[in-house]
Amino acid sequence: MKLLAFGITREIIGMSDSSRTLKTSMTVGDLRKELCGEFPKLKELNTLAIAVNETYATDDVEINDADVVALIPPVSGG
Amino acid sequence: MKLLAFGITREIIGMSDSSRTLKTSMTVGDLRKELCGEFPKLKELNTLAIAVNETYATDDVEINDADVVALIPPVSGG
Amino acid sequence: MKKNIEISTNALVIETCRSFVHSGNNGAECLFVGTVRDQTSGQSVVKLQFEAYESMAIKEMEKIADKALREFDISAICIHHRTGTLTVGEIPVIIAVGSPHRQAAFQACQYAIDTLKETVPIWKKEFFTDGSVWVSAHP
Amino acid sequence: MKKNIEISTNALVIETCRSFVHSGNNGAECLFVGTVRDQTSGQSVVKLQFEAYESMAIKEMEKIADKALREFDISAICIHHRTGTLTVGEIPVIIAVGSPHRQAAFQACQYAIDTLKETVPIWKKEFFTDGSVWVSAHP
C-alpha cells in the first residue's frame, strides 16, 4: 500500500507520501488503530477519515497491497 | 393631480403622462372606480395598484391637487 | 453597510456590482444574474422591452437594500436593473451581496430578487415572432 | 447538462465561470464567490495556504456537480477551487450555476458550496501575525 497524508496529518506524521508494509488482511480500522498508536496526536483531531483509492472508506474495508490509502483530517476548503 | 400610467395601463388608457381634474375629496378608491368605468380593460388585469407620490397607496388615501398619482399594473422586473 | 442602486439603459456589468460589495471583511459574495431566456412556455422570445417608473423604482430598490442590510448579517448590497430593449442572453438585473458568512449572503440575495419581482415598478413586454405580451398582466 | 470542475494555483476568474454556465436557455445565474477574510474570531489573517488531495478532490467535486444537475432543475454548473498561498481579498472558490428559473439556481449553488466544505479533501492553514493553524482540525 501507498500511504498519503494531508494537511495536519502530514505534519503530525512528518511525511507526505510514503510506503508502509501491509500486514496480512489489514483493514482501514486496523490501520487507523496502528497509526493512532504510533502518532497519538492523530487522536486529538476532530475527525480522521481514511480514503482508499480516492474514495472515503469505512473501518471494515480491507486494504490490499496495490491500494493508495490517504489520511483525511477535517476538510476546510472553500 | 398628475396621473401617470405604466406598462399595459399606459396602452389601455392611451397616454403616459397627463393631468386630470381632481374632484373634491377624491380618494384612491374613487379614482380606481372612475378609471375602471372609463376603461373597462383595467378590470381584466391581475392587479392594479395605485401609487401616490411614489408610494403604494391603499384605496382610502385622499388625493390632493399637487399629488402625482401612478397606475401600477402587475410588475415584472428582473 | 453600503448599498448601490442603479437603473440604466446601458449593459449591466457583473464585475462592477461585484467590486462594489467586495471587501477584506467579507468571506462570501453571492451574485444573482437575471438573463433573457430564449423562450417562455414554449414560445420563442425575440426580445424584451423593460419600462420603469424610474423615480419610484429607485425608492423601492432602496427599501429592499435597506431591509436586506437590516435583517441579514451582510456588509454591502448592489442592485442594478436595466431598461429598454434587450435580446436573448442579455442581463436585465444583477444583485450582488457581500457578507462575512455565506448563509447570510445567499439569504439576502434571494430576498432581494424575490422582493424586487414583487414590488419594484418595472414592467417587461415579451416580443415573440407573432406578437407581444406584457408579462404577468393577465390571469 | 454540463459541468466544469477545476483546481488551479492560478487566480480564479468570475467571468470564466459565469461564461461556462451562460446560455440563452437560462433565465437565472447564481454565483458564489468565496473570499479570504482579513480576520477569524478577531485574529488578523495575514495569508492562507490551501492544500488539496487533488485527484480525489476533483472526483468529489464531480460528484457534487453530478448530484446538483440530477436533483435541481439547472442546466450547468462550474466549480473552481484554488490552491497555494492566498492573501486577504483573494478568491479560493467560485461556484456558478445556470438555470431556467432562479429558485433552482440558488438551491444548487448553496448545495454545492455547503457540500464542498464537508466532503472535498482540501485544507486551509491560516497564518496570523503570531502563528498558524489548520482550520477546523481541532475541537
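Within every chain, numbering begins at 1; the chains are lettered A, B, ... in the order of the sequence lines, protein sequences first and strands thereafter.
The CD1 atom of D/Ile113 lies 4.0 Å from the CD1 atom of D/Ile95; values are rounded to the nearest 0.5 Å. Rounding to the nearest 0.5 Å gives a distance of 4.5 Å between CD1 of D/Ile14 and CD1 of D/Ile91. A distance of 5.5 Å separates CD1 of A/Ile50 from CG of A/Leu71, quoted to the nearest 0.5 Å. A distance of 5.5 Å separates CD1 of D/Ile79 from CE of D/Met61, quoted to the nearest 0.5 Å.
Contacts of D/Ala52 with chain A are made by backbone atoms alone, with heavy-atom separations under 4.5 Å and no side-chain atom involved. In this structure, chain A has heavy atoms under 4.5 Å from both the backbone and the side chain of D/Val135.
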Distance-only donor-acceptor screen, chain D against chain A, under 3.5 angstrom:
from, atom 1, to, atom 2, distance (Å)
D/Glu51, OE1, A/Arg10, NH2, 2.3
D/Glu51, OE2, A/Gly7, N, 2.9
D/Glu51, OE2, A/Arg10, NE, 3.1
D/Glu51, OE2, A/Arg10, NH2, 3.4
D/Ser55, OG, A/Glu54, OE2, 2.5
D/Lys59, NZ, A/Glu54, OE1, 2.8
D/His81, NE2, A/Gly78, N, 2.8
D/Thr119, O, A/Tyr56, OH, 2.4
D/Ile122, O, A/Ser76, N, 2.8
D/Ile122, O, A/Gly77, N, 3.3
D/Trp123, NE1, A/Pro73, O, 3.0
D/Trp123, NE1, A/Pro74, O, 3.4
D/Lys124, N, A/Ser76, OG, 2.9
D/Lys124, NZ, A/Ser76, O, 3.1
D/Lys124, NZ, A/Gly78, O, 3.1
D/Lys125, NZ, A/Glu11, OE2, 2.5
D/Trp134, NE1, A/Glu11, OE1, 3.1
D/Trp134, NE1, A/Glu11, OE2, 3.1
D/Ser136, O, A/Asn46, ND2, 2.8
D/Ala137, O, A/Asn46, N, 2.7
D/His138, O, A/Asn46, ND2, 3.1

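Remark: side-chain polar atoms of D/Lys2 are paired, donor with acceptor, to backbone N or O of D/Phe20 under 3.5 angstrom.
Pairs passing the side chain to side chain donor-acceptor pair (under 3.5 Å) check and including a residue from residues 17-27 of chain D, sequence neighbours excluded, read C/Asp38-D/Asn25, D/Glu15-D/Ser19, D/Arg18-D/His22, D/Arg18-D/Glu29, D/His22-D/Glu29, D/Ser23-D/Asn25, D/Asn26-D/Ser75.
Annotation for D/Ala104 and D/Asp73: closest pair CB-O, 3.6 Å, computed over non-hydrogen atoms.
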